[in-house]
Amino acid sequence: MSVLEVKNIKKSFGKTEVLKNISFSLEKGEVLSIIGSSGSGKTTLLRCLNFLEFAEEGIITVNSEKIYDGKLNKKMKESEIRTKRLHFGLVFQNFNLFPQYTVLKNIMLAPSLLKIASEKEIEENAKKLIERVGLNDKTDSYPCELSGGQQQRVAIARALALNPDILCFDEPTSALDPELTGEVLKVIKGLKTGDSTMIVVTHEMGFAREVSDKVIFMADGIIEEEGTPEQVFGNPKSEKMKAFLSKSFENI
Amino acid sequence: MSFNQITAALFEGFFQNCELFALTLLFAIPLGLIVAFGSMTKIKPIKYIVRAIVWIIRGTPLMLQLFVVFYVPGLLFDKPMKSRMLAAVIAFVINYACYFSEIYRGGIESIPKGQYEAGHVLGMNRKQIFFKVILLQVVKRIVPPMSNEIITLVKDTSLARIIAVAEILMAAERFAGRGLIWPLFYTGIYFLIFNGVLTVLFGRVEKKLDYFRS
């Protein structure tokens, strides 16, 4: 049974159609990479899943529960949106950590406010997550004292603290220099063994190829090609995908 | 009159300045936040009304506003202002709330959208996002412009002289009337010392918020 099913998502900004009929599904524990050039709608798709944008049409189903229907979205109450979006976690391109809080407090803030467990359990869990992303010695540091890569690892831990069914990454390494990219990708890769279901929007082709179970290539708001990494990278059918790949791996 | 006697007499006047200063801050700081929300609300009529009020208050002299608050209740509604100090406090609170509101608005609007989005994605509600995530970052950003405005307020309190609040300049003028001019210039020392203390205080607040960068 699919953990996530997305059907016929459409989204426009003004007259620009950004997503034209996007459908896909994801099994539990799978990693999906979404690739494609800038402006193809990848980020908008993630934002629609996290209700930072609302698709005009389409249905989102998580664990067989219909959590979003474009036709009914105007009727959704804010509290309803809040509960439903907790099925998803989102890691941003530029981290968006809360600068006034320590690493530990950044991770604990939302769980404490939502009272998902006792304060003590929340803290223990947060510390475990900090260990999992390899930042034990930074528990009491402030975001401004961390490198970009470390900040992004904190952001990953912060998203995991709410136990989302599906964790989304919006170009998690695009704001990082190549040296720091590796440490973040390693953490994401490490989550795979932890049975997390993940959607990763990325420009890191090597990562997409190696880590994902499924790859979607988007172009101009549609899914141009999808399949296993072997199919999509090894034997692409669409012309656009072939062109994109040859550009991606072009030696300068 | 001896130097000490004059110093004491001026102190009495300066106490009025301090009272006006303290009361203005006490009420204008929270009222400014309400005005700021009003000028940012999505409800258009409220937004335009609030922005018009801010425009009027910032666009006219505070001295004129003092006259209006002091005289208009008596002229229009036959209910003369009984207390000059009360009139001064009302005029100052309204005036400064409008200035503060613009500082707040600038501060709130300068916080990156990503901070709100991170809060939303983590399931927080609007109130939690504002008070737990946004507010302290806004405070950090507005400390320098606020300290500027508050130092101006200290000096502006002497404008209350115009509706005969017995503040320090009025006290000094009394001596001038008797041929003693130096107390008038001496009042400057009071303002300088007061603002010196404030400057040190704001420096401390800034330093205190130095532990994070946003």
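Below, read A as the first sequence line, B as the second, and so on, with proteins coming before strands; counting in each chain starts at 1. FYI, side chains are in, hydrogens and waters are out, and symmetry mates aren't considered; it's all heavy atoms of this structure.
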message = Given heavy-atom pairs under 4.5 angstrom as the criterion, report whether the side chain, backbone, both or neither of A:F98 touches chain B.
response = both
remark   = Sorted by chain and number, sequence neighbours left out, side-chain hydrogen bond (donor to acceptor under 3.5 Å, both in side chains) with B:Y104 holds for none
message = Which atoms of A:I81 are under 4.5 Å from chain B, going by heavy atoms: the side chain, the backbone, both sets, or neither?
response = neither
Output all donor-acceptor pairs under 3.5 Å across chain B and chain A; consider backbone as well as side chains.
| unit_1 | atom_1 | unit_2 | atom_2 | d |
| --- | --- | --- | --- | --- |
| B:G114 | O | A:N96 | ND2 | 3.3 |
| B:Q115 | NE2 | A:L97 | O | 2.9 |
| B:E117 | OE1 | A:R47 | NH1 | 3.1 |
| B:E117 | OE2 | A:R47 | NH1 | 3.2 |
| B:E117 | OE2 | A:R47 | NH2 | 2.7 |
| B:H120 | O | A:R85 | NH1 | 3.4 |
| B:R126 | NE | A:E78 | OE1 | 3.1 |
| B:R126 | NE | A:E78 | OE2 | 3.2 |
| B:K132 | O | A:Q100 | NE2 | 3.4 |
| B:K132 | O | A:Y101 | OH | 2.5 |
| B:V133 | O | A:Q100 | NE2 | 2.7 |
| B:Q137 | NE2 | A:Q100 | OE1 | 3.4 |
| B:Y211 | OH | A:Q100 | O | 3.4 |
| B:R213 | NH2 | A:C144 | O | 3.2 |

message = Can you tell me which portion of A:L86 sits under 4.5 Å from chain B's heavy atoms? Options are side chain, backbone, both or neither.
response = side chain
Side-chain donor-acceptor contacts of residues 185-202 of chain B below 3.5 Å, not counting sequence neighbours, with atom names and distances?
| unit_1 | atom_1 | unit_2 | atom_2 | d |
| --- | --- | --- | --- | --- |
| B:Y186 | OH | B:T7 | OG1 | 3.1 |
| B:T187 | OG1 | B:L184 | O | 2.6 |
| B:Y190 | OH | B:T7 | O | 2.8 |
| B:T199 | OG1 | B:N195 | O | 2.6 |

note = So, the part of A:L113 with a heavy atom under 4.5 Å from chain B: the answer is both
Atom CD1 of B:I43: over 12 foreign heavy atoms under 6.0 Å = no
ask   = Is there a side-chain contact between B:L122 and A:L162, using heavy atoms and a 4.5 Å cut-off?
value = yes
request  = Name all pairs fulfilling the side-chain hydrogen bond (donor to acceptor under 3.5 Å, both in side chains) condition that reach into residues 48-60 of chain B, sequence neighbours left out, sorted by first residue then second.
outcome  = B:T60-B:Q65
ask   = Going by heavy atoms in the side chains, are B:V121 and A:F51 under 4.5 Å from each other?
value = no
